[in-house]
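In what follows, a structure is listed as structure tokens, so that the remarks can point back to it.
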There are 2 protein chains.
Amino acid sequence: MGKVLVIGCGGVAGVAIQKCAANAEVFGEICIASRTVSKCDDLKAAIEAKGTKAKITTRKVDADNVEELKALINEVKPDVVLNLALPYQDLTIMDACLACGVHYVDTANYECEDTNDPEWRKTYEARCKEKGFTAYFDYSWQWAYKKRYEEAGLTAILGTGFDPGVTSVFTAYALKHYFDEIHTIDILDCNGGDHGYPFATNFNPEINLREVSANGSYWENGKWVETEPMEIKRVYNFDGVGEKDMYLLHHEEIESLAQNIPGVKRIRFFMTFGQSYLTHMKCLENVGMLGTEPVEFNGQEIVPIQFLRRLLPDPASLGPRTVGKTNIGCIFTGVKDGKEKHVYIYNVCDHQECYKEVGSQAISYTTGVPAMIGTAMLMQGLWKKPGVFTVEEFDPDPYMDMLNKWGLPWQVDENPVLVD
Amino acid sequence: MGKVLVIGCGGVAGVAIQKCAANAEVFGEICIASRTVSKCDDLKAAIEAKGTKAKITTRKVDADNVEELKALINEVKPDVVLNLALPYQDLTIMDACLACGVHYVDTANYECEDTNDPEWRKTYEARCKEKGFTAYFDYSWQWAYKKRYEEAGLTAILGTGFDPGVTSVFTAYALKHYFDEIHTIDILDCNGGDHGYPFATNFNPEINLREVSANGSYWENGKWVETEPMEIKRVYNFDGVGEKDMYLLHHEEIESLAQNIPGVKRIRFFMTFGQSYLTHMKCLENVGMLGTEPVEFNGQEIVPIQFLRRLLPDPASLGPRTVGKTNIGCIFTGVKDGKEKHVYIYNVCDHQECYKEVGSQAISYTTGVPAMIGTAMLMQGLWKKPGVFTVEEFDPDPYMDMLNKWGLPWQVDENPVLVD
């Protein structure tokens, strides 16, 4: 029985912590810490009301502040810190874990909150040039901790959500059991959910927007190919969902998979978006409502996208009203015993079933469950070695078993329709 | 030589006042009054720099305040007050004119600024029921002054813009010269201008929005027929512009023409809107950005549509960049000497030519010029009788001559394509 310190108490954390509490053989003690301690207390009370064998405590912490984080970790003395705060806080939490000698887990790679910071921009621009894609988010920042984690004998597991996360475990699993060599990977992220609003975002619209308005990119023949935003569109018929438009985006796991899957020739990432969603985004962008710079209005400073967020439905309110399913997975092509082979591994998740189980829809569920599983891998010593790793660098089998056991069962289709 | 007091100093007033100043034989003295006297001073300086024989003075006035208006009118002693303030202020200005014994002219009928006012709502709801259309704006409020103006021996001319205004004069002209009886009137308002922005409004977006989001209605066989917003769409090929989508809206002149044109069976009003404009409006409405109620945000009260207006290009800034033409007119069907007859009377106006002449695009120009002409009719005694009138109630010929002379030449097509 170990002890985990979870930092953050939003939608994903709510799911992950409920799953930890249900898995008290691994997570005997859970400390929940966030800026708003009342949210942690509410979650603790809800879990305890349902019944758990885990001991739950709560703390207040500002995850931007390394000294506060260090004091918290030294007081709580967890085996692992599970970072479910915002991607802006990955580095401060990694610093604090390193200083305190505690293992680290997260679900999404570092992003800079203030992209006007001149120091950050310098590094960013150099990386865009070096990497050949708009490196708005990339692993460099966190890979830079490799040597220090190795020397400290600590493990950092990066990106154990669904994508990145499960999609990379699917890749390791495919390579272990189905292929001698993988040649192409298409990661397909489909949300077939309907919340009944003309427009709403499933999470923070500011981060949502960046995905949609950034250039796309994919890996091919040893280098990055960059595209215009939403330039490459495909239609795919998803099991459990039906036919959807999907668009090629840059996504962080492409970068690590390109390094870790020997012989891979092409890796692409596609996400589904409805036409209505894209039209609303475009119109809002056209009038300046997606602006992130403050605008003077009636003597006040108003950031348009923050005011937009105020008007939109609270993402947390979408849970009870979202119906339909998600389907996320990877299509692999490659060779086994000299013969060409195609394999599609995917999970189908139902929004309403998730909501019934944990009070969140599938978007939070499909990220929160793998966060618990990745942390359990480390707590149980199954994935534990000094350094900084992405999830495809470990044995996928125990993780794949836990997906089946903890609510994200997967399927293998050995005759899938390929994407052009 | 007479003296006019113009209240208001926005885009339309700028055009009307320049035209008055150019017509100093009628408008020997012009007093410009508005809340922001510096705008009046700037306009006066610009006109004097170009040269005028008229004497121009300026004053500050709050047009919501009847006592201030009365003091101003008594001090300036004009022959006519030309109201080019907002439609919200029609009644206060009519009250002040009545109290001071001065004639009154405006371009658009009364609208209530605070539509949550319970007193106003009671009257509004009763009128909607009585009239059979959403009587958001209608002539009732101003027609209620008829008796008092008659008794005072004063003339009030309502709605001498383009539409209402010129379109009603076209109707009176058609009836005088082309028909024994007019059976149908289709008023077509086409703006083929392009300002190059993905989205911008030509005037106050709040008033713009009301037109688009209100129910449509038309007059047929002695009663009103109400439609859903934008329910009836037609495509028409406009001279000087080309093919455009146009939508049936309620418009105030339908109400007065139905009363004043004997035997008329149907009157409709169509306005062109591009698909992109409508899509932006719809998306903004969907996310709540067109809301007129304050929203609490960071401890402040923000009215969404007012913040939107802050983000959109200033309508005044569209002038230099708008290219293309407007085409506004009426298609009449009826009989003459027992034979069926079709006549289309319209004006084509070029945005860039307007801008070169008066520094405004055609939207302000086509309203401002008729405002001057209607006022001139009254000042010259051509349209002068005690009471409250719309423009089709007078002899159209001298007005039609002035349109040709003052920048809005019209054409007659005796074989037009009809609207289904």
Side-chain angles (χ1 to χ4, degrees), chain A residues 35-36 194-209 212-213 228-230 273-315 317-318 321-322, chain B residues 35-36 194-209 212-213 228-230 273-315 317-318 321-322:
Chain A
R35 207 179 297 254
T36 314
D194 179 7
H195 47 57
Y197 287 114
F199 184 72
T201 57
N202 284 308
F203 51 98
N204 188 327
E206 206 166 333
I207 292 177
N208 223 220
L209 152 76
V212 180
S213 62
E228 292 297 303
M230 315 304 270
F273 294 98
Q275 192 50 55
S276 167
Y277 176 90
L278 296 177
T279 300
H280 279 81
M281 273 287 189
K282 191 74 209 163
C283 289
L284 292 167
E285 186 182 9
N286 282 343
V287 301
M289 274 307 292
L290 302 184
T292 55
E293 298 291 318
V295 164
E296 169 97 21
F297 177 68
N298 287 353
Q300 305 148 6
E301 298 266 289
I302 307 279
V303 176
I305 198 167
Q306 289 174 4
F307 183 62
L308 175 62
R309 179 161 46 170
R310 166 67 186 80
L311 294 182
L312 293 179
D314 177 0
S317 75
L318 301 180
R321 46 185 294 147
T322 302
Chain B
R35 206 179 299 255
T36 315
D194 180 7
H195 46 58
Y197 288 115
F199 184 71
T201 57
N202 284 309
F203 50 98
N204 188 329
E206 206 166 333
I207 291 176
N208 222 218
L209 152 74
V212 180
S213 62
E228 293 297 304
M230 314 305 270
F273 294 98
Q275 193 49 56
S276 167
Y277 176 90
L278 296 177
T279 301
H280 279 81
M281 273 287 188
K282 191 75 208 161
C283 289
L284 292 168
E285 185 181 10
N286 282 342
V287 302
M289 274 308 291
L290 303 185
T292 54
E293 297 292 318
V295 164
E296 169 95 21
F297 177 68
N298 289 351
Q300 305 151 4
E301 298 267 290
I302 307 279
V303 175
I305 199 167
Q306 288 175 4
F307 184 62
L308 175 63
R309 178 163 45 170
R310 166 66 186 80
L311 294 181
L312 293 178
D314 177 1
S317 75
L318 302 179
R321 46 186 293 150
T322 302

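Chain letters run A, B, ... following the sequence lines, proteins first, then strands; residues in each count from 1.
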Practice problem: To the nearest 0.5 Å, tell me how far Met289(A) CE sits from Leu311(B) CG. | Solution: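 Spacing of CE (Met289(A)) from CG (Leu311(B)) equals 6.5 Å.
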Self-check item: Point-to-point distance, once rounded to the nearest 0.5 Å, from SG of Cys283(A) to CD of Glu285(B)
Solution: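 So the gap between those two atoms works out to 12.5 Å.
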| task | Pick one of side chain, backbone, both or neither for Phe199(B), based on which atoms fall under 4.5 Å of a heavy atom in chain A. | result |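 Contact with chain A: side chain only.
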Interchain contact, Leu284(B) with chain A, by part (heavy-atom threshold 4.5 Å):
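When you check distances to chain A, only side chain atoms of Leu284(B) fall under 4.5 Å.
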Checklist entry - What are the residues of residues 296-306 of chain B, in order of number, with any heavy atom under 4.5 angstrom from a heavy atom of chain A? => result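 Counting heavy atoms that sit under 4.5 Å from chain A, the residues of residues 296-306 of chain B involved are Glu296(B), Phe297(B), Gln300(B), Ile302(B), Pro304(B), Gln306(B).
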Partner chain A: residue of Leu308(B), Thr279(B), Val295(B) with the largest heavy-atom pair count (under 4.5 Å):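 Top count of heavy-atom pairs under 4.5 Å with chain A: Val295(B).
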